[in-house]
Amino acid sequence: LHAPDDSLRSRIVPVNRSIGLDAVLAAADRYWEASGRRLTFEYVLLGGLNDAPAQAKALVRLLRGRQALLNVVRNAVEAGAKQLHLEASLQDGRVELVLTDDGPGMSEQELQHATDPFFSTKASGTGLGLAITRQILEDHDGSVQVTSTPGRGTRIALVFPSRKAA
């Protein structure tokens with residue numbers, strides 16, 4: 001994708017002038033629906049061009065609804081977790097999905113920045129996975145709660161407001 005909007009993307013990816021972001025995302029959605037195969041959206045950071053926090057927030061809005069649970073599971077696996085446990089519950093009128101893993105956990109400093117755009121502990125990480133997840137949930141009056149202990153694993157709770165009966 002490389003940019004959160006067509007104006008900037010046209011400067012970075014010339015083909016965008018004929019195939020814009022909406023067309024790319026619509027084609028990706030059709031491919032996923034037809035194949036069920038995993039899709040990855042690439043975003044290469046270019047210093048001073050597409051790496052500002054405002055652009056990260058725009059990218060989160062652009063990709064909203066596509067990634068929340070997948071991001072959390074992928075992060076756990078990529079961090080080295082061997083076991084994942086997913087639990088769903090209804091708490092105080094909210095649906096809570098909790099993923100716990102046995103990975104390496106996060107330091108206090110990593111934990112403080114875990115959902116910040118562009119923060120990653122992985123050499124090839126973009127730092128957008130949990131930022132996108134947080135934004136998706138906050139846009140729907142939900143939240144992400146992350147707790148972790150170095151050497152013992154991480155617990156991530158995705159909290160969604162439950163739908164009220166019509």
Side-chain angles (χ1 to χ4, degrees), residues 1-4 12 25 28-29 31-33 35-163:
L1 298 177
H2 311 303
I12 299 170
L25 294 174
D29 289 344
Y31 174 78
W32 182 81
E33 288 171 7
S35 70
R37 297 184 70 179
R38 176 181 174 200
L39 288 172
T40 301
F41 295 103
E42 183 175 82
Y43 190 101
V44 175
L45 296 175
L46 303 170
L49 187 60
N50 68 349
D51 62 343
Q55 290 160 329
K57 289 178 182 179
L59 182 63
V60 165
R61 285 189 301 275
L62 178 69
L63 296 177
R64 178 186 6 221
R66 288 182 166 84
Q67 296 282 315
L69 187 57
L70 177 60
N71 286 338
V72 174
V73 171
R74 182 177 56 234
N75 282 353
V77 171
E78 289 177 355
K82 302 293 184 223
Q83 292 185 348
L84 304 173
H85 177 76
L86 181 63
E87 181 179 329
S89 64
L90 186 61
Q91 301 286 331
D92 300 320
R94 299 173 84 72
V95 175
E96 186 174 88
L97 295 176
V98 178
L99 179 79
T100 54
D101 69 50
D102 65 347
M106 291 184 259
S107 70
E108 187 61 37
Q109 182 180 5
E110 292 167 336
L111 190 57
Q112 289 176 4
H113 298 286
T115 62
D116 291 352
F118 302 124
F119 176 80
S120 179
T121 59
K122 297 179 280 191
S124 63
T126 63
L128 292 174
L130 283 176
I132 289 171
T133 300
R134 185 191 76 211
Q135 189 66 53
I136 290 167
L137 288 162
E138 287 177 357
D139 285 350
H140 294 90
D141 297 320
S143 65
V144 175
Q145 301 162 358
V146 184
T147 55
S148 190
T149 303
R152 301 207 54 175
T154 300
R155 177 188 186 273
I156 299 181
L158 307 178
V159 182
F160 304 84
S162 64
R163 294 182 184 227

Task: Donor-acceptor contact present, side-chain Asn50 to main-chain Ala3, <3.5 Å - done: no

Open item on the list: With rounding to the nearest 0.5 angstrom, report the CZ to CG distance, Arg152 to Asp101.
Closed with: 12.5 Å

- [ ] Might you point out which heavy atoms bring Thr154 and Val146 nearest each other, and give the distance in Å?
- [x] CG2-CG1, 4.0 Å

Task: Thr115 side chain to Ala131 backbone, donor-acceptor under 3.5 Å - done: no

TODO: To the nearest 0.5 angstrom, please state how far the CD atom of Glu87 sits from the CG atom of Leu99.
DONE: 11.0 Å

TODO: Could you give me the CA-CA distance, side-chain angles and deciding distance for Ile156 and Val144, then say whether side-chain contact (heavy atoms from CB on, under 4.5 Å) is met?
DONE: CA-CA 7 Å; Ile156 299 181; Val144 175; 4.0 Å; yes

Open item on the list: With a 4.5 Å cut-off on side-chain heavy atoms, are Val98 and Gln145 touching?
Closed with: no

Open item on the list: Among residues at least two apart in sequence or on other chains, which ones pass side chain to side chain contact (heavy atoms under 4.5 Å, CB included) with Pro104?
Closed with: Ala79

Open item on the list: Can you give me the closest heavy-atom contact between Ala114 and Met106, atom names plus distance?
Closed with: CB-SD, 3.9 Å

Task: Minimum heavy-atom distance between Ser148 and Gly153, given as atom pair plus value - done: OG-O, 3.1 Å

Open item on the list: Working to the nearest 0.5 angstrom, can you tell me the gap between Thr121 OG1 and Glu110 CD?
Closed with: 5.5 Å

Task: Spacing of CZ belonging to Arg155 relative to OG1 belonging to Thr149, to within rounding of 0.5 Å - done: 11.5 Å

Open item on the list: Restricting to side chain to side chain contact (heavy atoms under 4.5 Å, CB included), what partner residues turn up for Gln112, sequence neighbours left out?
Closed with: Glu108

Task: Closest contact, heavy atoms only, Gln83 versus Asp102 - done: N-OD1, 2.8 Å

Task: Nearest-0.5 Å distance, NE2 of residue His113 to OG of residue Ser120 - done: 13.5 Å

Open item on the list: In the structure I gave you, are the side-chain heavy atoms of Phe118 and Leu128 within less than 4.5 Å of one another anywhere?
Closed with: yes

TODO: Write down the atom of Leu84, the atom of Ala76, and the distance for their closest heavy-atom approach.
DONE: CD2-CB, 3.4 Å

- [ ] Please check if the side chain of Gln55 supplies one atom and the backbone of Leu49 the other of a donor-acceptor pair under 3.5 Å.
- [x] yes

TODO: Kindly indicate whether the side chain of Phe119, heavy atoms from C-beta on, has any atom under 4.5 Å from the side chain of Leu130.
DONE: no

